[in-house]
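Written out below as structure tokens is the structure these notes cover.
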Amino acid sequence: MKGWTGNILRINLTDKTFKIDHFTEEFAQKWIGGRGFALKILWDELKPGIDPLGPDNKLLVVQGPISGVPMPNSGKTIVAAKSPLTGTYGDGNLGTHVTIQMRKAGYDILIFEGKLASPGYVYIQDDKVEFFPANEIWGKGSYDAQAWLETKYGKTAGILSIGQGGENQVLYAIIRSMEGRAGGRPGIGAVMGSKNLKAIVVKGTKEIPLADPKAMKERGVGDLKKVGAMDKSSKWSVQGTNAVLSWCNEMWALPVRNMRFSHHEEAWKLDGQRTSEARVATYGCPHCTMRCGIAIRDKEGHESEIDYENVGMLGPNLEIFDLKQMASLNYMCDDFGVDTISAGSALSFYADAIDQGATKGDFKFGDAERAKELLRMAALREGVVGNLLADGSLRMARKFGHDSEAYAIQCKGLDLSAYNCKYVPGQALAFGTSGIGAHHKEAWIITYELKHSERGAYGRDKAQKVVDLQRIRSSIFESLPICRFPWIELGWDLKNYPEYFNLATGSNWTLEDFTNTGDRIYSLLRAFWVRENPKTDRTADYPPRIYFDPANAEKEGPTAGKHLEYDKYDALLDHYYDIRGWDKRGVPTRKSMEKLGLAEEAEQLSKLAEVAPG
Ligand code: PTT
Ligand code: SF4
């Protein structure tokens, strides 16, 4: 086999043992790598209904056939598990030296099973696997943990670690790496914590097996230069992801006050120009010339990477417009190892619920000092309020009652990324149908939608666009896996990716092979959800209920008086299901699954849920 190493390192944390399994070329050609591999393995190996925070869950770290090879923006790794936040398959995509080191150590997949008896970390060096206690770093933040491990193993060692958020199983804890990388929004860091696993360290010295190493090297060096040159002439290299904040504000699509509003006069204080002026360092992933991580300092001098999602959710969404205060919250999220998006959303929901009288408490929008205190309490699961916040907005709403679920800004348990789609139906559909909950990485249609289409239109073209983006993103970007920014931000041609894949594996794939695989992945993602929720129906694909409420419509601006409408959204959803070959409940039909090579999985699903023949 070329491209893939074919090796799975399976580590049993309970017994402190390990073995090497192998996957076949047929498996590899069917699932590519990254998300494709993780999804299929978790489908096969997890029993439906297991506790995501129990020892039966498995934590996967996964590469693909070009991972670790110097190609533009190829330093990404997938971390995956059954999510404690959504109860279905969850993953994250983060830049890390693990990508390179794991492939050099000879593995495409690490599977962590069981649970360590006491807190520890695992060190992998080529064929050697060692288990160490984590006495010096357990209870510490991710910055300290990372620094301690870097001192011991070197700056270029592949290191994944969790902060106290992961240790305490905050349901939206993420995994951290390098200075500014964070991944696994659906609580993959909590799964790592539930296994008493503080960190994973990997080092390798082997050759990565490639079909045409010489051609790949030449192509990689040349393309890295080309992408670097494109980047230098773009606004992107100056402002990074936060360049989009002023656009969202202009378009009335900014998250403001728990997404009740979509525009704010003071938002400029946090925009790309301000964050760029405040920049003290620039971070990036391995094998990347674009280096989008803009780091700024808070009042205490803590340095952390800000990205648009972080600024949007910890700034305007909480009505905090002081850059340094927002930077403090951002630093705390990174150090505690919790997702900035869900942390911002949990805090804004809590303030909103107090405002609405659904609960009693001491927190108001705009109170940055109290927000910091509450964030600390959540990460440490301190007291009743800390525990409530640590479980995220949906679970809080279910506890508070008073119909507060209507304004818990989430889909399938995962909070919406920082795009307020109260009157943007295509993006609402993208969040609603995303296989892992409301993450923009699945389909970021909002810029296309607001530039190229009538605002508020519900045409079939939008459902088609969402499907097309889900196809490309879940196959190329999440499964190779590779950073999507050269494509999205610089217009780097999609056709490059099948070419990279072919050089690595000796295959003859076209873009169509990728999009077909994307459909297979998306159907299995949906099947995973159905398997965990056999009584599911189309309401699972609805955006937050408040978006349909006329009383929540803006009172001024271009969207004044406008809101989503159920009958029109249902028609859009029908188009989506029709394109996918799913029934009216959003369940893939047997026929559509068989067409995608998922006959066995359709049969397994039909034993647990009603599957229409199609
Ligand atoms: C990603 C999500 C994002 S997406 C952001 S900002 W973004 C938030 N970043 C967080 C952070 O930082 N610290 C923290 N404690 N929590 C955070 N939560 C949020 O997590 C990230 C970049 C970015 S910056 C984006 S869009 C792109 N995402 C990609 C993706 O998803 N797939 C892909 N093939 N390429 C991508 N390229 C870009 O990567 P999750 P990273 Mg992240 C500090 O993982 O779970 O998907 O959540 O990976 O290496 O940090 O790069 O405006
Ligand atoms: Fe990482 Fe940013 Fe480069 Fe993508 S563009 S690989 S997220 S540094």
Side-chain angles (χ1 to χ4, degrees), residues 34-35 64 71-80 83 85 90-96 98-99 141-142 162-163 165-166 170 172-189 224 227-228 231 236-237 240-245 248 282-295 304-314 329-345 375 379 414-415 417-419 434 436-437 439-442 444 472-490 492 497:
R35 170 181 283 179
M71 306 301 283
N73 307 49
S74 64
K76 295 277 190 176
T77 285
I78 295 290
V79 289
S83 157
L85 199 59
D91 67 20
N93 183 319
L94 74 163
T96 166
V98 169
T99 316
S142 71
I162 54 169
V170 172
Y172 43 89
I174 42 89
I175 296 176
R176 295 259 295 127
S177 196
M178 302 175 67
E179 313 103 317
R181 311 287 100 197
R185 288 196 56 212
I188 311 304
L224 274 161
V227 170
D231 182 31
W236 170 259
S237 78
T241 55
N242 201 32
V244 81
L245 187 139
C248 284
T282 305
Y283 304 155
C285 306
H287 294 159
C288 174
T289 50
M290 289 172 70
R291 297 183 61 79
C292 67
I294 295 178
S304 67
E305 173 176 329
I306 47 95
D307 294 302
Y308 167 66
E309 306 300 325
N310 310 9
V311 180
M313 298 306 288
L314 301 172
L329 286 164
N330 188 60
Y331 169 80
M332 288 172 72
C333 284
D334 275 355
D335 199 31
F336 285 133
V338 295
D339 174 29
T340 50
I341 300 173
S342 291
S345 186
L375 180 56
L414 187 70
D415 298 84
S417 317
Y419 301 94
S434 157
I436 60 163
H439 199 317
H440 66 293
K441 79 169 160 191
E442 304 298 303
W444 190 54
I472 290 166
R473 286 170 173 236
S474 58
S475 59
I476 295 180
F477 296 104
E478 301 315 312
S479 295
L480 271 177
I482 195 162
C483 177
R484 64 172 183 265
F485 281 161
W487 167 59
I488 297 271
E489 303 296 340
L490 308 179
W492 188 245
Y497 299 102

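Each ligand, and each atom within it, is numbered from 1 in the order the structure gives.
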**Fill in**
closest protein heavy atom to atom 27 (C) of ligand 1 is Phe485 CZ, 3.4 Å
**Asked** How far is atom 2 (C) of ligand 1 from its nearest protein heavy atom, and which residue and atom is that?
**Response** Arg185 CD, 3.9 Å
**Message:** I'd like to know whether ligand 1 has Arg473 as a neighbour, heavy-atom separation below 4.0 Å.
**Reply:** no
**Asked** Is Ile341 in polar range of ligand 1, meaning some N or O pair under 3.5 Å apart?
**Response** no
**Asked** Any idea which part of Ile188 is under 4.0 Å from ligand 1, heavy-atom wise: side chain, backbone, both or neither?
**Response** neither
**Message:** For the CD1 atom of Ile341 and the NE2 atom of His440, what is their distance to the nearest 0.5 Å?
**Reply:** 6.0 Å
**Fill in**
Under 4.0 Å from one or more heavy atoms of Gly184, ligand 1 contributes atoms 40 (P), 44 (O), 45 (O)
**Prompt:** From His287 NE2 over to Ile482 CD1, what is the distance, rounded to the nearest 0.5 angstrom?
**Reply:** 11.0 Å
**Prompt:** With a cut-off of 4.0 Å, which atoms of ligand 1 are near a heavy atom of Val338?
**Reply:** 14 (C), 15 (N), 16 (N)
**Complete:** Asp334 heavy atoms within 4.0 Å reach ligand 1 at atoms 11 (C), 13 (N), 14 (C), 15 (N), 43 (C)
**Message:** Under 4.0 Å from a heavy atom of Arg181: which atoms of ligand 2 are those, numbered in the order shown and with their elements?
**Reply:** 1 (Fe), 7 (S)
**Any Thr96 side-chain heavy atom under 4.5 Å of Arg181 side chain** = no
**Request:** Would you mind checking which non-hydrogen protein atom is closest to atom 43 (C) of ligand 1, with the distance to 0.1 Å?
**Result:** Gly180 O, 3.1 Å
**Item:** Distance from atom 7 (W) of ligand 1 to nearest protein heavy atom, with residue and atom
**Value:** Glu309 CG, 3.6 Å
**Request:** Please determine if Ala182 has a nitrogen or oxygen closer than 3.5 Å to a nitrogen or oxygen of ligand 1.
**Result:** yes
**Asked** Side-chain contact, heavy-atom cut-off 4.5 Å: Glu305 with Glu179?
**Response** no
**Request:** May I ask you to identify the nearest protein heavy atom to atom 9 (N) of ligand 1, giving residue, atom name and distance to one decimal place in Å?
**Result:** Asn310 OD1, 3.3 Å
**CD1-OG1 distance between Ile488 and Thr241, expressed to the nearest 0.5 angstrom** = 12.5 Å
**Prompt:** Considering only heavy atoms of Asp339, which atoms of ligand 1 have at least one such atom less than 4.0 Å away?
**Reply:** 16 (N), 17 (C), 18 (N), 19 (C), 20 (O)
**Request:** Below 4.0 angstrom from a heavy atom of Cys333, which ligand 1 atoms are there? Numbered from 1 as shown, please.
**Result:** 15 (N)
**Message:** Taking Met71's backbone N and O only, do any of them form a donor-acceptor pair with Ser74's side chain (distance below 3.5 Å, no angle check)?
**Reply:** yes
**Prompt:** Are Phe477 and Trp487 near enough that their ring centres are under 6.0 Å apart?
**Reply:** yes
**Message:** Is there a side-chain contact between Ile306 and Leu314 in this structure, where contact means two heavy atoms from C-beta onward sitting under 4.5 Å apart?
**Reply:** no
**Request:** Output yes when Lys76 and Glu478 qualify as a salt bridge under the 4.0 Å nitrogen-oxygen rule, no when they do not.
**Result:** no
**Prompt:** Which of the atoms of ligand 1 are close to Glu478, meaning less than 4.0 Å from one of its heavy atoms?
**Reply:** 30 (C), 31 (O), 32 (N), 33 (C), 34 (N)
**Side chain proximity check, Arg185 to Ser417, heavy atoms < 4.5 angstrom** = yes
**Message:** For Glu305, which part has a heavy atom under 4.0 Å from ligand 2: side chain, backbone, both, or neither?
**Reply:** neither
**Message:** Assess the residue pair Arg35 and Glu442 against the criterion (salt bridge (charged side-chain N to carboxylate O under 4.0 Å, His left out)); give the C-alpha distance rounded to whole Å, side-chain angles, the decisive distance to 0.1 Å, and a yes or no.
**Reply:** CA-CA 12 Å; Arg35 170 181 283 179; Glu442 304 298 303; 2.7 Å; yes
**Close N or O approach (Phe477, ligand 1; < 3.5 Å)** = yes
**Prompt:** Are any of the side-chain heavy atoms of Cys333 and Leu375 separated by less than 4.5 Å?
**Reply:** yes
**Asked** Identify the closest protein heavy atom to atom 30 (C) of ligand 1: which residue and atom is it, and at what distance?
**Response** Arg484 NH1, 2.9 Å
**Message:** With a cutoff of 4.0 Å, is His439 in contact with ligand 1, counting heavy atoms of the residue only?
**Reply:** yes
**Fill in**
Filtering Arg181, Arg35, Met332 for the heavy atom nearest atom 41 (P) of ligand 1 leaves Arg181
**Request:** Please answer whether the main-chain N or O of Asp334 pairs with a side-chain N or O of Arg176 as donor and acceptor at a distance below 3.5 Å.
**Result:** yes
**Message:** Closer than 4.0 Å to some heavy atom of Ile482 - which atoms of ligand 1 meet that?
**Reply:** 33 (C), 34 (N), 35 (N)
**Request:** Enumerate the atoms of ligand 1 whose separation from the nearest heavy atom of His440 is less than 4.0 angstrom.
**Result:** 4 (S), 26 (S)
**Asked** Which protein heavy atom lies closest to atom 48 (O) of ligand 1, and at what distance to 0.1 Å?
**Response** Asn93 O, 2.6 Å
**Distance from atom 21 (C) of ligand 1 to nearest protein heavy atom, with residue and atom** = Lys76 NZ, 3.8 Å
**Item:** Ring centres under 6.0 angstrom apart (Tyr308, Tyr419)
**Value:** yes
**Item:** Flag side-chain contact, heavy atom, 4.5 Å: Asp91 against Lys441
**Value:** yes
**Request:** Report yes if some heavy atom in the side chain of Tyr497 is under 4.5 Å from a heavy atom in the side chain of Pro486; otherwise report no.
**Result:** yes
**Asked** Considering only heavy atoms from C-beta outward, does the side chain of Leu245 approach that of Val311 to under 4.5 Å?
**Response** yes
**Prompt:** For atom 4 (Fe) of ligand 2, how many protein N, O or S atoms lie at less than 2.8 Å?
**Reply:** 1
**side-chain contact (heavy atoms from CB on, under 4.5 Å) partners of Ser83, counting only residues at least two apart** = Leu85, Thr86, Pro186
**Asked** What distance separates Asp339 CG from Asp415 CG, expressed to the nearest 0.5 Å?
**Response** 8.0 Å
**Asked** Which one holds for Leu94 and ligand 1: side chain close, backbone close, both close, or neither close, with close meaning a heavy atom under 4.0 Å?
**Response** both
